[in-house]
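Scope of the values below: all heavy atoms of this structure, side chains included, with no hydrogens, waters or symmetry mates. Below, chain A is the first sequence line, B the second, and so on; all start at residue 1.
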There are 2 protein chains.
Amino acid sequence: MIKETSSNAYNRKFLHSVCRINGALETIAGRWKALMLIHIAEGKNRFSLLKQVLPTVSDQVLGRQLRELEADGLIGKTVIAEVPVRVDYHLTEKGEAILPILDALAQWHDKR
Amino acid sequence: MIKETSSNAYNRKFLHSVCRINGALETIAGRWKALMLIHIAEGKNRFSLLKQVLPTVSDQVLGRQLRELEADGLIGKTVIAEVPVRVDYHLTEKGEAILPILDALAQWHDKR
DNA sequence: CTGGATCCCCTATGATACTG
DNA sequence: CAGTATCATAGGGGATCCAG
């Protein structure tokens, strides 16, 4: 059994919280993700609507980031079998929960 | 003069808040920055101490991210003219203010 | 309409060596 | 001790074309 120094315990404690912070940052740090979350929350909840409000994002990147947000559980989607097909996105509970933190970040950014 | 549609006004409003969020994210999204801020807050406030607690970061990257955090106003440094020279880092008021947000991110990350 | 497939490029990160 | 200079690498993002 390895005797633990207080420094080792200290490191593991903080490394753990940092892993969580980095994990959180990675889920929202995509170039457009914060923007996409806000727009979806405001009703721009379809692929073509998001393209309209994010004019400089490519189809490929928009699609990829939508899938990543879905995989991370921040958004969900509803496929409506019309012709042409229609897809509605919506924030999950977890997606809603990030909005106040994004707001806090925006306010923090204005300091000084 | 260009007549504004309500959609244009809508876009500019949200694009503005998103620019602020992305700006905030960029200042802390470096691979090690959140970790560095926490460690500096906890007293690991010198180059060699940070290297000890961040064993996989290279000197080059550590130095660069320290300079970036300093340029963004999150940390300050004090150079003590000993031999060998000694440099102490400390969080600025702005740097302290981000800590609760990082904590909120960590708690959010644990959801579900 | 909603994206997947493919290719390219740029930037952040990393490794190594060197300096005041 | 506290960095900087140089080179190499990987992954995110962008452009274009294509498909259900």
- Query: Heavy atoms under 4.0 Å, any strand shown: does A/V87 hit a base, just sugar-phosphate, or nothing?
  - Reply: sugar-phosphate
- Message: Taking side chain to side chain contact (heavy atoms under 4.5 Å, CB included) as the definition, give me every residue that meets it alongside B/S58, ordered by chain and number, with sequence neighbours left out.
- Response: B/Q60, B/V61
- Task: Tell me, please, the opening and closing nucleotides of DNA chain C, 5' to 3', among those with an atom under 4.0 angstrom from a non-hydrogen atom of chain B.
- Result: C/dT13 to C/dG20
- Student check: side-chain heavy atoms of B/L50 and B/H39 closer than 4.5 Å: yes
- B/E93: partners by side chain to side chain contact (heavy atoms under 4.5 Å, CB included), with sequence neighbours left out: A/R112
- Listed by chain and number, what are the salt bridge (Lys or Arg N to Asp or Glu O under 4.0 Å) partners of A/D59, not counting sequence neighbours? A/K51
- Item | Heavy-atom pair of closest approach, residues B/A41 and B/L91 | CB-CD1, 3.6 Å
- Item | Criterion side-chain contact (heavy atoms from CB on, under 4.5 Å) on B/N45 and B/H90, from CA distance to verdict | CA-CA 6 Å; B/N45 63 334; B/H90 61 91; over 6 Å; no
Extract all donor-acceptor atom pairs below 3.5 Å that involve side chains of residues 95-107 of chain B and protein atoms in other chains or at least two apart in sequence.
| unit_1 | atom_1 | unit_2 | atom_2 | d |
| --- | --- | --- | --- | --- |
| B/D103 | OD2 | B/Q107 | NE2 | 3.0 |

- Tell me, which pairs form a side-chain hydrogen bond (donor to acceptor under 3.5 Å, both in side chains) where one or both residues lie in residues 80-89 of chain A, sequence neighbours left out? A/R86-A/D88
What donor-acceptor contacts under 3.5 angstrom involve side-chain atoms of residues 28-36 of chain A, with partners at least two apart or in another chain?
| unit_1 | atom_1 | unit_2 | atom_2 | d |
| --- | --- | --- | --- | --- |
| A/K33 | NZ | A/E68 | OE1 | 2.8 |

- Query: With sequence neighbours left out, what residues match A/V79 under side chain to side chain contact (heavy atoms under 4.5 Å, CB included)?
  - Reply: A/K77, A/V85, A/V87
- Find which nucleotide of DNA chain D each of B/F47 and A/V57 is nearest to by heavy atoms, and output the residue with the more 5' nucleotide. B/F47
- Between D/dG3 (C1') and B/L54 (CG): distance, integer Å: 16 Å
- Under 4.0 angstrom between B/Y89 side-chain N/O and D/dG3 OP1 or OP2: yes
- Message: Tell me the interatomic distance from B/L50, atom CG, to D/dA2, atom C1', rounded to whole angstroms.
- Response: 12 Å
Listing time: all N or O pairs from protein to nucleotides 5-12 of chain D that are below 3.5 Å?
| unit_1 | atom_1 | unit_2 | atom_2 | d |
| --- | --- | --- | --- | --- |
| D/dT6 | O4 | B/Q60 | NE2 | 3.4 |

- Considering only heavy atoms from C-beta outward, does the side chain of B/V53 approach that of B/L49 to under 4.5 Å? no
- Item | Interatomic spacing from CZ in A/R46 to NZ in A/K44 - rounded to 0.5 Å | 11.5 Å
- Message: If I take atom CD in residue B/E82 and atom P in nucleotide D/dG3, what distance separates them, rounded to the nearest angstrom?
- Response: 14 Å
- Please name all residues satisfying side chain to side chain contact (heavy atoms under 4.5 Å, CB included) with A/T27, sequence neighbours left out, ordered by chain then number. A/D72, B/W108
- Message: Taking the axis from the first five pairs and the axis from the last five, what angle separates them in the helix from C/dC1-D/dG20 to C/dG20-D/dC1, rounded to 10 degrees?
- Response: 50°
- Query: B/R86 CZ to D/dG3 C1': how many Å, rounded?
  - Reply: 16 Å
- In numerical order, the residues of residues 71-79 of chain A whose heavy atoms come under 4.0 Å of DNA chain D are none
- D/dG13 OP1/OP2 closer than 4.0 Å to side-chain N/O of A/S58: no
